Amino acid sequence: MIWICLKAIKDDESVFTDGEVEKIADFIREDPSLLNYGILLAFQTGVRVGELCTLKYSDIQGNKLCIRRTEVRYRDKDGKYVFEVRESPKTEAGNRDIILSSEAKRTLKEIRKLNPFGEYIFMNDGKRIKERSMHKARKTYATKLIKGNQAENEKMPYLQGKWAVCRGFKSPSRY
């Protein structure tokens with residue numbers, strides 16, 4: 001077994017504690033909105049924010065959430081930010097299927113109640129909600145996989161889109 005680690009990560013700085021996650025989830029349940037449910041879904045799936053805001057209902061296939069596109073942000077010639085949907089993820093490893101937990105399925109049902117007809121899952125007033133930073137939620141999800149011994153399955157690291165997103169992922173046998 002080969003362990004891959006890009007750099008040491010201080011858990012108290014890079015992931016939310018279970019207590020913090022529960023407080024966030026409680027707040028979201030008390031104040032449901034598309035943005036709040038997006039944050040909750042990120043905790044439940046580990047998707048990147050650029051992937052989250054480009055999700056379509058067709059990306060939900062049974063028990064899987066299929067990640068196939070992302071949002072990129074750049075400045076135009078006038079220095080203004082442009083947000084663009086790319087029909088491919090950030091990296092080749094970003095093409096992946098995430099197994100949906102029962103919690104994530106419930107969250108998606110609540111989201112659908114708030115936006116039943118949009119092209120994208122996260123739309124407000126007919127416009128796609130654009131990227132916001134949520135990397136700490138993504139790292140929290142990866143850490144929960146490891147602590148729950150789910151990272152022992154060689155396919156689990158692919159759910160995060162690349163090897164060594166978080167320490168403890170096992171390298172595939174071909175490396």
Side-chain angles (χ1 to χ4, degrees), residues 4 15-16 18 21-22 24-25 28-29 32-72 84-124 128-175:
I4 299 173
V15 299
F16 290 98
D18 289 342
V21 172
E22 193 56 40
I24 292 167
I28 289 169
R29 289 182 197 107
S33 70
L34 281 175
L35 287 175
N36 285 348
Y37 280 133
I39 293 166
L40 186 58
L41 189 62
F43 274 107
Q44 295 167 339
T45 61
V47 296
R48 293 179 177 97
V49 67
E51 297 163 343
L52 184 73
C53 62
T54 61
L55 287 174
K56 296 182 178 185
Y57 289 113
S58 60
D59 296 328
I60 304 166
Q61 297 180 8
N63 287 335
K64 296 184 299 186
L65 183 61
C66 302
I67 306 300
R68 302 292 184 265
R69 73 187 70 74
T70 195
E71 179 182 77
V72 293
E84 182 179 292
V85 175
R86 295 254 170 101
E87 292 299 322
S88 61
K90 183 177 174 181
T91 66
E92 182 57 36
N95 267 327
R96 64 199 188 282
D97 297 335
I98 297 171
I99 305 300
L100 293 170
S101 66
S102 56
E103 292 174 335
K105 289 180 199 175
R106 278 193 299 275
T107 299
L108 285 164
K109 284 180 184 178
E110 293 302 316
I111 291 167
R112 189 144 198 149
K113 290 177 188 175
L114 296 174
N115 180 31
F117 304 113
E119 175 185 5
Y120 294 94
I121 292 175
F122 295 98
M123 295 185 76
N124 194 14
R128 189 176 55 80
I129 297 173
K130 295 183 175 65
E131 183 177 321
R132 306 284 189 277
S133 181
M134 298 186 316
H135 287 291
K136 198 171 178 183
R138 183 173 157 73
K139 289 180 182 180
T140 300
Y141 172 76
T143 300
K144 283 185 159 220
L145 289 179
I146 291 169
K147 287 181 179 177
N149 293 323
Q150 294 183 33
E152 291 301 314
N153 178 332
E154 287 207 2
K155 293 182 181 179
M156 293 309 284
Y158 289 113
L159 297 181
Q160 286 299 100
K162 63 182 175 181
W163 289 102
V165 167
C166 192
R167 63 184 142 81
F169 281 136
K170 204 173 12 170
S171 172
S173 57
R174 68 179 185 272
Y175 291 167

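Note that this is a predicted model, so its numbers are computed, not measured.
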Practice item. Kindly compute the distance separating CZ (R112) from OH (Y57), expressed to the nearest 0.5 Å. Key: 5.5 Å
Practice item. Enter the distance from L108:CG to L55:CG here, rounded to the nearest 0.5 Å. Key: 8.0 Å
Check your understanding: Do the non-hydrogen side-chain atoms of I98 and I67 ever get within less than 4.5 Å of each other?
Key -> yes
**Study point:** Set of residues satisfying side chain to side chain donor-acceptor pair (under 3.5 Å) with respect to E110, sequence neighbours excluded
**Key:** K113
Check your understanding: Between E51 and R68, is there a salt bridge with N-O shorter than 4.0 Å?
Key -> no
Practice item. Would you indicate whether the side-chain heavy atoms of V49 and E71 approach each other to under 4.5 Å? Key: no
Review point. Salt-bridged, R86 to E84, with N to O below 4.0 Å?
Key: yes
Study note, to complete from the structure: Rounding to 0.5 Å, atoms CD (Q44) and OG (S101) come to a distance of 5.5 Å
Point to revise | Test side-chain contact (heavy atoms from CB on, under 4.5 Å) applied to K56 - qualifying residues, sequence neighbours left out | key: S58, D59, R69, E119, Y120
Check your understanding: For the side chain of N115 and the backbone of I121, is there at least one donor-acceptor N/O pair under 3.5 Å apart?
Key -> yes
Review point. Considering all heavy atoms of both residues, which atom of A25 and which atom of L40 are nearest to each other, and what is their separation?
Key: CB-CD1, 4.0 Å
Review point. Between atom CD1 of I111 and atom OH of Y37, what is the distance when rounded to the nearest 0.5 Å?
Key: 8.0 Å
Exercise for review: Quick one: pull up SG in C66 and CD1 in I60 and give me the separation to the nearest 0.5 Å.
Suggested key: 9.5 Å
Point to revise | Spacing of L35 atom CG and I129 atom CD1 [to the nearest 0.5 Å] | key: 4.5 Å
**Study point:** side-chain contact (heavy atoms from CB on, under 4.5 Å), paired with L52, selected from V47, T70, I39, T45
**Key:** V47
Exercise for review: May I ask you to check whether over 12 heavy atoms, not counting those of K105, lie within 6.0 Å of atom NZ?
Suggested key: yes
Check your understanding: Are the side chains of L100 and K64 in touch, meaning some heavy atoms are under 4.5 Å apart?
Key -> no
